[in-house]
Amino acid sequence: QVQLVESGGGLVQAGGSLRLSCAASGSIFSMYLMGWYRQAPGKQRELVATITSGGRTGYADAVKGRSTISRDNAKNTVYLEMNSLKPEDTAVYYCNAYRLPSNYWGQGTQVTVSS
């Protein structure tokens, strides 16, 4: 199976920025649809951004214009850059890899934005 390990989370003041990283194992990383999800206490896990094997990106309305998802297939890594962070961005952020018939998740990294 594919192993995913997130990093880069932490404490940041409102208006600040973070760059999250997701390192993946396996030699077929480039074949997967990659995504970032987040989950706050008491809320459902929600999609933040996706990037296809061809580099096409998509973003949730809540982060459009202030987030960028990218991937480096040579490094088996996907990134999420977030700017102008808001308290409502506080959540555990999870990396996801999808390719039929498999779906993999990382352990998550905590992002806390203070007001």
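Every heavy atom of this structure was used, including side-chain atoms; hydrogens, water molecules and symmetry mates were not. Here the structure is a predicted model, which is why all the values come from computation and not from measurement.
Transitive grouping of hydrophobic side chains (ILVMFWY, heavy atoms separated by less than 4.5 Å) brings Ile69 and Leu4 into a common cluster. If you chain together hydrophobic residues whose side chains sit under 4.5 Å apart, Tyr93 and Val63 fall into the same group. Under a hydrophobic-cluster definition in which Ile, Leu, Val, Met, Phe, Trp and Tyr are linked whenever side-chain heavy atoms come within less than 4.5 Å, directly or via other members, Met82 and Val92 are assigned to different clusters. Cluster annotation: Tyr104 is not connected to Val5 through the hydrophobic network of ILVMFWY side chains, with a link wherever side-chain heavy atoms come within less than 4.5 Å. At a threshold of 4.5 Å between side-chain heavy atoms, the hydrophobic network of Ile, Leu, Val, Met, Phe, Trp and Tyr places Tyr79 and Val12 in two separate groups.
Summarising the geometry of Phe29 relative to Ala24, their closest heavy-atom pair is CD1-CB, 3.6 Å, with the distance given to 0.1 Å. Taking all atoms of both residues into account, the shortest heavy-atom contact from Arg66 to Ser84 is NH1-O, 3.3 Å. The two residues Leu20 and Trp36 come nearest to each other via the heavy atoms CB-CH2, 3.7 Å. Residue Asn76 comes nearest to Asn73 through the heavy atom pair OD1-O, 3.0 Å, listed as atom of the first residue, atom of the second, then distance. Between Thr68 and Tyr59, the shortest heavy-atom contact is CA-OH, 3.3 Å. For the pair Pro87 and Ser115, the tightest heavy-atom approach, listed with the atom from each and the gap, is CG-CB, 3.9 Å.
Salt-bridge check for Asp89 with Lys86: failed, with every basic side-chain N at 4.0 Å or more from each acidic carboxylate O.
In this structure, the side chains of Met31 and Ser53 stay at 4.5 Å or more apart for every pair of heavy atoms.
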Show, in sequence, the C-alpha distance, side-chain angles and deciding distance for Arg99 and Leu33, and conclude whether the side chain to side chain contact (heavy atoms under 4.5 Å, CB included) test is met. CA-CA 6 Å; Arg99 175 178 176 265; Leu33 173 70; over 6 Å; no

In sequence, state the C-alpha distance, the side-chain angles, and the governing distance for Cys95 and Val78, and then conclude on side chain to side chain contact (heavy atoms under 4.5 Å, CB included). CA-CA 8 Å; Cys95 182; Val78 62; 3.7 Å; yes

Checklist entry - Yes or no on side chain to side chain contact (heavy atoms under 4.5 Å, CB included) for Thr90 and Gln110, after CA distance, side-chain angles and deciding distance? => result CA-CA 8 Å; Thr90 295; Gln110 176 72 233; 4.1 Å; yes

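Distance alone, capped at 3.5 Å, places no donor-acceptor pair between the Thr109 side chain and the Glu6 backbone.
With rounding to the nearest 0.5 angstrom, the CZ atom of Arg38 is 10.0 Å from the CG atom of Leu47.
Geometric assessment of Arg71 against the ring of Tyr32 yields a negative cation-pi assignment under the 6.0 Å and 45° thresholds.
Between Leu18 and the options Leu11, Leu80, Leu85, a side chain to side chain contact (heavy atoms under 4.5 Å, CB included) holds for only Leu85.
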